[in-house]
Amino acid sequence: MPEPLLEQHAEALRLFGSRVRAVAPGQWGLPTPCTEWTVRDLVNHVTAEQLWVPPLVTEGCTVAEVGDRFAGDVLGDDPAAAWERAARAAHTAFASPWALERIVSLSYGPSKAAAYCAELTADCVVHAWDLARAVGADDRLPPGLVRFALDEITPYADGLAAGGMYDPPLEPLPGADDQTRLLALTGRAA
């Protein structure tokens, strides 16, 4: 029976990948809702996140051992191809036998690989919206992924804002749908 977390991860990777493929050649320098990043910076960030997965999950490396291997530009001349390779490798690592049960060494300490996978899945969902907004693509997110990301991020949203991962949460209007609530939780106005 397939692991639901792995299915969510795969769906989030496909979603982000569809947004990467929607970037036109002249759009890589456009600003994004992540005010410090251009479209290329955003795609580079999410791609680099996926590149970290095999060394941490499969090889058992620590953050120090990986070092600056994924610092700088990881996209090269073909950002979509770089994304696809990174996404495929990350998903393969998480899907290997017993991988989600392993303990991985992250920048904030040891964590179960399943929690790491959930964190990356939620981040991928939020950044898919950022990327769609930046390039004028469809910014509607699949309801199941939105619900997953909302459940994942809600318990530690204030900590993410304090650590600079997201802007401080906004207060959504009463009756806001899940996507609007997720975006508000991560400091984004729908």
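Residue numbers start at 1 and run along the sequence shown.
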Identify whether [X] and [Y] are in the same connected component of the hydrophobic contact network (ILVMFWY, side-chain heavy atoms under 4.5 Å).
| X | Y | value |
| --- | --- | --- |
| Leu182 | Leu173 | no |
| Trp129 | Ile153 | yes |
| Leu30 | Val126 | no |

(request) Let me know which of Gln50, His9, Arg14 forms a side-chain hydrogen bond (donor to acceptor under 3.5 Å, both in side chains) with His91. (result) His9
Considering only heavy atoms from C-beta outward, does the side chain of [X] approach that of [Y] to under 4.5 Å?
| X | Y | value |
| --- | --- | --- |
| Leu100 | Leu6 | yes |
| Pro142 | Gln179 | no |
| Val46 | Cys124 | yes |
| Val135 | Val39 | yes |
| Thr32 | Leu131 | no |
| Phe94 | Leu5 | no |
| Ser111 | Ile103 | no |
| His127 | Leu42 | yes |

(message) Strictly distance-based, threshold 3.5 Å: is any side-chain N or O of Thr186 a donor or acceptor partner for the main-chain N or O of Leu183?
(response) yes
(request) Give a yes or no answer on whether the side chain of Asn44 reaches the backbone of Val74 with a donor-acceptor pair at less than 3.5 Å. (result)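 Such a contact is found between Asn44 side chain and Val74 backbone.
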(request) Test side chain to side chain contact (heavy atoms under 4.5 Å, CB included) on Trp52 and Val63 and set out the steps. (result) CA-CA 9 Å; Trp52 277 87; Val63 170; 4.0 Å; yes
(request) Nearest 0.5 Å please: distance from the CZ atom of Arg140 over to the CG atom of Leu15. (result)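 Answer rounded to 0.5 Å: 12.0 Å.
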(request) Evaluate salt bridge (Lys or Arg N to Asp or Glu O under 4.0 Å) for Arg188 paired with Asp130, printing each intermediate quantity in order. (result) CA-CA 9 Å; Arg188 289 150 170 83; Asp130 293 331; 2.6 Å; yes
Sequence neighbours left out, what passes side chain to side chain donor-acceptor pair (under 3.5 Å) with [X]? Give chain and number order.
| X | value |
| --- | --- |
| Glu84 | Arg21 |
| Thr92 | none |
| Glu101 | Lys112 |
| Asp178 | Arg147, Arg181 |

(request) Would you mind checking if Arg40 and Asp73 are paired as a salt bridge, meaning a charged N to carboxylate O distance below 4.0 Å? (result) yes
(request) Could you tell me which non-hydrogen atom of Gly60 sits nearest to which non-hydrogen atom of Glu65, and how far apart they are? (result)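 Scanning both residues, the minimum pair turns out to be O-OE1, 4.2 Å.
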(request) Please name the pair of heavy atoms, one in Ala99 and one in Val57, separated by the smallest distance, quoted to 0.1 Å. (result) CB-CG1, 3.9 Å
(message) Please enumerate all residues that pass salt bridge (Lys or Arg N to Asp or Glu O under 4.0 Å) together with Asp41, with sequence neighbours excluded.
(response)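 Scan of Asp41 (salt bridge (Lys or Arg N to Asp or Glu O under 4.0 Å), adjacent residues dropped) gives none.
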(message) With a 6.0 Å cut-off (strictly less than), is the heavy-atom count around CD of Glu36, excluding the residue itself, greater than 12?
(response) no
(request) With sequence neighbours excluded, give me every ring pair (Phe, Tyr, Trp, His ring centres under 6.0 Å) pair touching residues 12-34. (result) Phe16-Trp83
